[in-house]
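Step one of this worksheet: look at the structure below.
Computed from heavy atoms alone, side chains included, the values below leave out hydrogens, waters and symmetry copies. Chain A is the first sequence line, chain B the second, and so forth, proteins listed ahead of strands; every chain is numbered from 1.
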Protein chains: 2
Amino acid sequence: MQTRPIRADARRNRDLLVTAAMAVIAEEGPDASLNEIARRAGVGPGTLYRHFPTRDALLAAVSEGRLARLRARADELAEAMPPGEALVAWLRLLVVHAMTDRGLGARMMVAAPSSAGVDCWAMLRDAAERVLGPAQRDGSVRADVEAADLVELAAGIAQGAADAGRAERLLMLTLDGLRLAGGRAEGFSPRS
Amino acid sequence: MQTRPIRADARRNRDLLVTAAMAVIAEEGPDASLNEIARRAGVGPGTLYRHFPTRDALLAAVSEGRLARLRARADELAEAMPPGEALVAWLRLLVVHAMTDRGLGARMMVAAPSSAGVDCWAMLRDAAERVLGPAQRDGSVRADVEAADLVELAAGIAQGAADAGRAERLLMLTLDGLRLAGGRAEGFSPRS
DNA sequence: ACCTGAACACCGTTCAAGT
DNA sequence: ACCTGAACACCGTTCAAGT
């Protein structure tokens, strides 16, 4: 499959759209008007639809750079501190990311990859594994925890919390667990 | 403050609206068209706005009965089984509730009470306390956990999980905590 | 091959006119 | 005191016509 050269005006319009989308979404959140974004980019609505057939495709394009940065940060943290600490520090970043732009981040953590073009879900799982693996080998985290668990929990915390302070508290509760340190009550373990 | 008698047609229209809203929202979720709901109730859009000035006010009215039932179930469970088990069983119900009607439940757990008329948030916290209190006195749960934590965590899990199976897993992870049972790694506790 | 922008159906919301 | 429904501004989405 040979790829055709991309026309310069098409490439330029795509960039204009993503830039405009970042600005409008920062102001109005992920449900911002698509016509408004096209207007701000200086193109017709049809051009927006040609480049991004669904809203999620556009949102994914907006998120792509942030996700790449989040993955890079995972590597940096894993190198800079003990595995347990690196995991916690990265989870904090993940929750903050999920809360940015009125929940754009969290929305992309749940979105179906099919409609998106950029597979946000895979990028996040990939990033999570870089801090999760060491923490498990180190013995800080149970071996049965998966990268997907971390991503979904972070997305959930971001959406369930009213503000950043509450999110931090929920994250700590999740890490420590709600049960009493030490004795595990009987009915309190998963029923199989 | 004496309350005036409510006109029979007004009362009737209100009931028609709530019933229609339940049906439409069950099909299309909490973002369903308000005009469609009014149409289905057989009233003009103006009548809907007269009874429910905001969308959240209507959604709260739809949720009211379910929340009352959830509170009653908390009492029943607390009476029927040991505190730790009752808490887990009720949290399962809470997560299921949060997932019904494409996230209507979860949305009402986060919604600002001001706009709603019915204070869903307070009803849920009240219900949560009925299972949380005994579990804490019993020693199954840490004393510093609050009812609000349970509600926000359940709402988060419901929104972060793709389906019921994932939600159950996230709930169990949250209850148990992610860290290794026994030894707590250093960087793994809240930094003050 | 890509872009434009008018056009369509629909939505939330308001408000003059009715009873 | 409450209801009606036409009306307005806006939104998502499409598509014939252009370059």
Side-chain angles (χ1 to χ4, degrees), chain A residues 1-21 23-62 102 104 107 111-112 114-117, chain B residues 1-21 23-62 102 104 107 111-112 114-117:
Chain A
M1 86 186 220
Q2 57 159 334
T3 23
R4 287 169 292 84
I6 295 157
R7 260 171 54 169
D9 57 341
R11 171 75 210 171
R12 203 180 107 79
N13 277 335
R14 211 201 101 106
D15 292 346
L16 284 172
L17 280 164
V18 173
T19 304
V24 176
I25 288 168
E27 291 168 24
E28 320 210 14
D31 289 323
S33 159
L34 297 178
N35 280 344
E36 165 72 16
I37 290 171
R39 205 153 35 229
R40 201 106 128 211
V43 305
T47 303
L48 188 152
Y49 279 89
R50 163 166 277 267
H51 286 281
F52 306 103
T54 67
R55 166 172 242 118
D56 274 358
L58 176 59
L59 296 182
V62 167
R102 305 205 199 173
L104 166 63
R107 173 160 173 167
S114 53
S115 62
Chain B
M1 88 185 217
Q2 56 158 338
T3 23
R4 286 171 294 82
I6 294 157
R7 264 171 52 170
D9 57 342
R11 170 75 210 172
R12 202 180 107 80
N13 277 335
R14 212 201 100 106
D15 292 346
L16 285 172
L17 280 164
V18 173
T19 304
V24 176
I25 288 168
E27 290 167 24
E28 319 210 14
D31 289 324
S33 158
L34 297 178
N35 281 346
E36 164 72 17
I37 290 171
R39 206 153 33 230
R40 200 109 127 207
V43 305
T47 303
L48 187 153
Y49 278 88
R50 163 166 279 267
H51 286 280
F52 305 102
T54 66
R55 168 174 239 115
D56 273 358
L58 176 60
L59 297 182
V62 167
R102 304 203 198 175
L104 167 63
R107 174 162 172 165
S114 53
S115 63

Exercise for review: Identify the heavy atoms of A:Val18 and A:Val62 that sit nearest to each other, and give their distance.
Suggested key: O-CG2, 4.3 Å

Review point. For the residue pair A:Ala61 and A:Phe52, what are the closest heavy atoms and their distance?
Key: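 Distance-wise, the nearest heavy atoms are CB-CE2, 3.7 Å.
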
Exercise for review: Output all residues satisfying side chain to side chain contact (heavy atoms under 4.5 Å, CB included) with A:Ala41, sequence neighbours left out; order by chain, then residue number.
Suggested key: A:Leu16, A:Leu17, A:Ala20, A:Val43

Point to revise | With sequence neighbours excluded, residues passing salt bridge (charged side-chain N to carboxylate O under 4.0 Å, His left out) with A:Arg7 | key: A:Asp9

Point to revise | Partner residues of B:Arg102 under the salt bridge (charged side-chain N to carboxylate O under 4.0 Å, His left out) criterion, sequence neighbours left out | key: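 With sequence neighbours excluded, B:Arg102 shows a salt bridge (charged side-chain N to carboxylate O under 4.0 Å, His left out) to no residue whatsoever.
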
**Study point:** Selection residues 42-52 of chain B - residue pairs positive for side-chain hydrogen bond (donor to acceptor under 3.5 Å, both in side chains), sequence neighbours left out
**Key:** none

Point to revise | Dot-bracket pairing map - DNA chain D, Watson-Crick plus G-U, both contacts under 3.5 Å, | cross-strand | key: ||.|||||...|||||.||

Review point. Mind checking which nucleotides bracket the chain B contacts on DNA chain C, 5' to 3', with an atom under 4.0 Å from a heavy atom?
Key: C:dC11 to C:dC15

Revision key, fill the gap. The residue, B:Pro53 or B:Arg7, whose nearest nucleotide of DNA chain C is more 5′ is B:Pro53

Exercise for review: Can you sort out which residues in residues 38-48 of chain B have a heavy atom within less than 4.0 Å of DNA chain C? Ascending by number, please.
Suggested key: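 Here the set is B:Arg39, B:Pro45, B:Gly46.
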
Which pairs of donor and acceptor atoms, one on a side chain in residues 27-35 of chain B, lie under 3.5 Å apart (sequence neighbours left out)?
{"residue": "B:Glu27", "atom": "OE1", "partner": "B:Arg40", "partner atom": "NH2", "Å": "3.3"}
{"residue": "B:Glu27", "atom": "OE2", "partner": "B:Arg40", "partner atom": "NH2", "Å": "2.8"}
{"residue": "B:Asp31", "atom": "OD1", "partner": "B:Arg107", "partner atom": "NH1", "Å": "3.2"}
{"residue": "B:Ser33", "atom": "OG", "partner": "B:Asn35", "partner atom": "N", "Å": "3.3"}
{"residue": "B:Ser33", "atom": "OG", "partner": "B:Glu36", "partner atom": "N", "Å": "3.0"}

Exercise for review: Would you jot down, in residue-number order, the residues of residues 9-18 of chain B having a non-hydrogen atom under 4.0 Å from DNA chain D?
Suggested key: B:Asp9, B:Ala10, B:Asn13

Review point. CG/B:Leu48 to CZ/B:Arg14 distance, rounded to the nearest 0.5 angstrom?
Key: 11.0 Å

